[in-house]
Amino acid sequence: MARESKSEQVYVQLKQDILNGTLSPGQSLSAIDVGTRFSASRTPVRQAFLRLEADGLVSLTDRQGARVAPISIKSVRDLFELRILLEAAAARMVAEAVGRDTAARQQFEKVADALGAISEEDPSESRRDRFYELTETYDQAVIAHTRNSQLARSIAELRPHTERLRNIAHSHPDRLDVSLAEHRAMCRAILAGDGPAAAAACTEHLTQTQKTILDAVVDPQGSAVAIDLVTA
């Protein structure tokens, strides 16, 4: 395997492990251990660490390792404050666009219909996974149909940090169903061409998501998933 391919393999797998919580916030990564895991020499491991650092997912500790970026209360608040500003504006723009963009309308109609179907199902892992897929489709549709390319790029760049928090955001047993209802409300406002309502629905969704995450940090025993945060 070429060195570039090995570096890509290490990068992709470590990034996935960070985003899905397999590698915990604040966890140390030894270049030697990572190299052993992937049968990789020091150079491709270092290249992968540098890419993860550029993504904001690790910090380099020395020549031999890195540390998974912590998730703090302040970082959660900062992230959601920015997301509300950006994504509410994007939702408003998309709502204004669907009236003249047939492809955009059809995409949001498909998401809305699929969300409606899932809302009628009993809880299950399959239902949860399909909901996550639909929220990803929704988010990508908002990015794709936002007329401001700088705004779309900024939202896309925040997604890795947002994805790290998804399991915590749905840590309360009832939160997934509430989030589903919030996504349906956002879709309805967009399809109605109501920019202010779309922005308000987006703001409500992100505000409640942030509250769930912070509540889980304050009272991790009440969470349905294991939470390991660095809260300083």
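FYI, side chains are in, hydrogens and waters are out, and symmetry mates aren't considered; it's all heavy atoms of this structure.
- Note that CZ of Arg130 is 6.0 Å distant from OG of Ser124, once rounded to the nearest 0.5 Å.
- Across all their heavy atoms, Thr203 and Thr207 have their closest contact at O-OG1, 2.7 Å.
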field: Derivation of the side chain to side chain contact (heavy atoms under 4.5 Å, CB included) call for Gln13 and Arg37
entry: CA-CA 11 Å; Gln13 187 59 56; Arg37 174 185 175 188; 3.4 Å; yes

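- The hydrophobic clustering, which links ILVMFWY residues whose side-chain heavy atoms are closer than 4.5 Å, places Val76 and Ile155 together.
- Contact between Ala189 and Ala197 at its shortest, heavy atoms only, is CB-C, 3.7 Å.
- Between His161 and Asp55 there is no side-chain heavy-atom pair separated by less than 4.5 Å.
- Side-chain atoms of Thr146 do not come within 3.5 Å of backbone N or O of Asn148 as any donor-acceptor pair.
- Closest approach of Ala97 and His145 over heavy atoms only: CB-O, 4.3 Å.
- Looking at Asn20 and Glu163, their side chains never come closer than 4.5 Å, going by heavy atoms from C-beta outward.
- Across every non-hydrogen atom of Leu134 and Ile118, the tightest pair is CD1-CD1, 3.3 Å.
- At least one donor-acceptor pair closer than 3.5 Å links the side chain of Thr212 to the backbone N or O of Gln208.
- Between Tyr11 and Gln47 the shortest side-chain heavy-atom distance does not fall below 4.5 Å.
- Between Ile143 and Tyr138 the shortest side-chain heavy-atom distance does not fall below 4.5 Å.
- The side-chain heavy atoms of Leu19 and Pro160, taken from C-beta on, include a pair separated by under 4.5 Å.
- Distance check: Phe131 CZ to Ser126 OG gives 14.0 Å after rounding to the nearest 0.5 Å.
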query: Passes side chain to side chain contact (heavy atoms under 4.5 Å, CB included), Arg147 versus Glu96? Steps please.
result: CA-CA 10 Å; Arg147 69 170 185 270; Glu96 295 168 352; 3.4 Å; yes

message: Show, in sequence, the C-alpha distance, side-chain angles and deciding distance for Ile18 and Arg164, and conclude whether the side chain to side chain contact (heavy atoms under 4.5 Å, CB included) test is met.
response: CA-CA 7 Å; Ile18 292 170; Arg164 293 182 75 192; 3.7 Å; yes

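- Side chain of Thr137 to main chain of Glu133: a donor-acceptor pair is present (N/O by atom type, distance under 3.5 Å, no hydrogens or angles).
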task: Could you walk me through whether Leu60 and Arg46 pass the side chain to side chain contact (heavy atoms under 4.5 Å, CB included) test, one step at a time?
output: CA-CA 9 Å; Leu60 300 182; Arg46 180 72 174 177; 3.8 Å; yes

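- Checking side-chain atoms of Ser75 against main-chain N and O of Ile71 turns up no donor-acceptor pair under 3.5 Å.
- Contact record, Ala69 with Gly56: CB-O, 3.5 Å, taken as the closest heavy-atom pair.
- Side-chain contact between His183 and His205 is present, with at least one heavy-atom pair separated by less than 4.5 Å.
- Leu23 and Val12 fall within a single hydrophobic cluster, where Ile, Leu, Val, Met, Phe, Trp and Tyr side chains are chained together by heavy-atom contacts under 4.5 Å.
- Two different hydrophobic clusters hold Val178 and Met186 under the rule that ILVMFWY side chains link at heavy-atom gaps under 4.5 Å.
- Residue Cys187 holds its SG atom at 13.0 Å from NZ of Lys110, rounded to the nearest 0.5 Å.
- For Phe49, the ring-ring contact (aromatic ring centres under 6.0 Å, His included) test picks out no residue, with sequence neighbours left out.
- To the nearest 0.5 Å, atoms CD1 (Ile213) and NZ (Lys211) are separated by 12.0 Å.
- Between the Ser179 side chain and the Leu176 main chain, no donor and acceptor come within less than 3.5 Å of each other.
- For the side-chain hydrogen bond (donor to acceptor under 3.5 Å, both in side chains) test, no residue two or more places apart in sequence or in another chain qualifies with Thr135.
- Contact check on Asp101 versus Arg105 returns no salt bridge, with no Lys/Arg side-chain nitrogen under 4.0 Å from an Asp/Glu carboxylate oxygen.
- Salt bridge status for Asp139 with Arg159: present, with a side-chain N to carboxylate O gap under 4.0 Å.
- Side-chain contact between Arg127 and Asp177: present, with at least one pair of heavy atoms (C-beta onward) separated by less than 4.5 Å.
- Nearest heavy atom pair, residue Ala199 against residue Arg92, reads CB-NH2, 4.0 Å.
- Summarising the geometry, atom OG belonging to Ser59 is positioned 11.0 Å from atom CG belonging to Leu52; distances are rounded to the nearest 0.5 Å.
- The pair Glu182-Arg175 counts as a salt bridge, with a side-chain nitrogen and a carboxylate oxygen less than 4.0 angstrom apart.
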With a 3.5 Å cut-off and sequence neighbours excluded, list the donor-acceptor pairs that the side chains of residues 77-91 form with protein atoms.
from: Asp78; atom 1: OD2; to: Lys74; atom 2: NZ; distance (Å): 2.7
from: Arg83; atom 1: NE; to: Glu87; atom 2: OE2; distance (Å): 2.7
from: Arg83; atom 1: NH2; to: Glu87; atom 2: OE1; distance (Å): 3.3
from: Arg83; atom 1: NH2; to: Glu87; atom 2: OE2; distance (Å): 3.3

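- Counting heavy atoms from C-beta outward, Ser24 and Val68 have side chains that stay 4.5 Å or more apart.
- To the nearest 0.5 Å, the span separating CG on Leu14 from CZ on Arg51 amounts to 11.0 Å.
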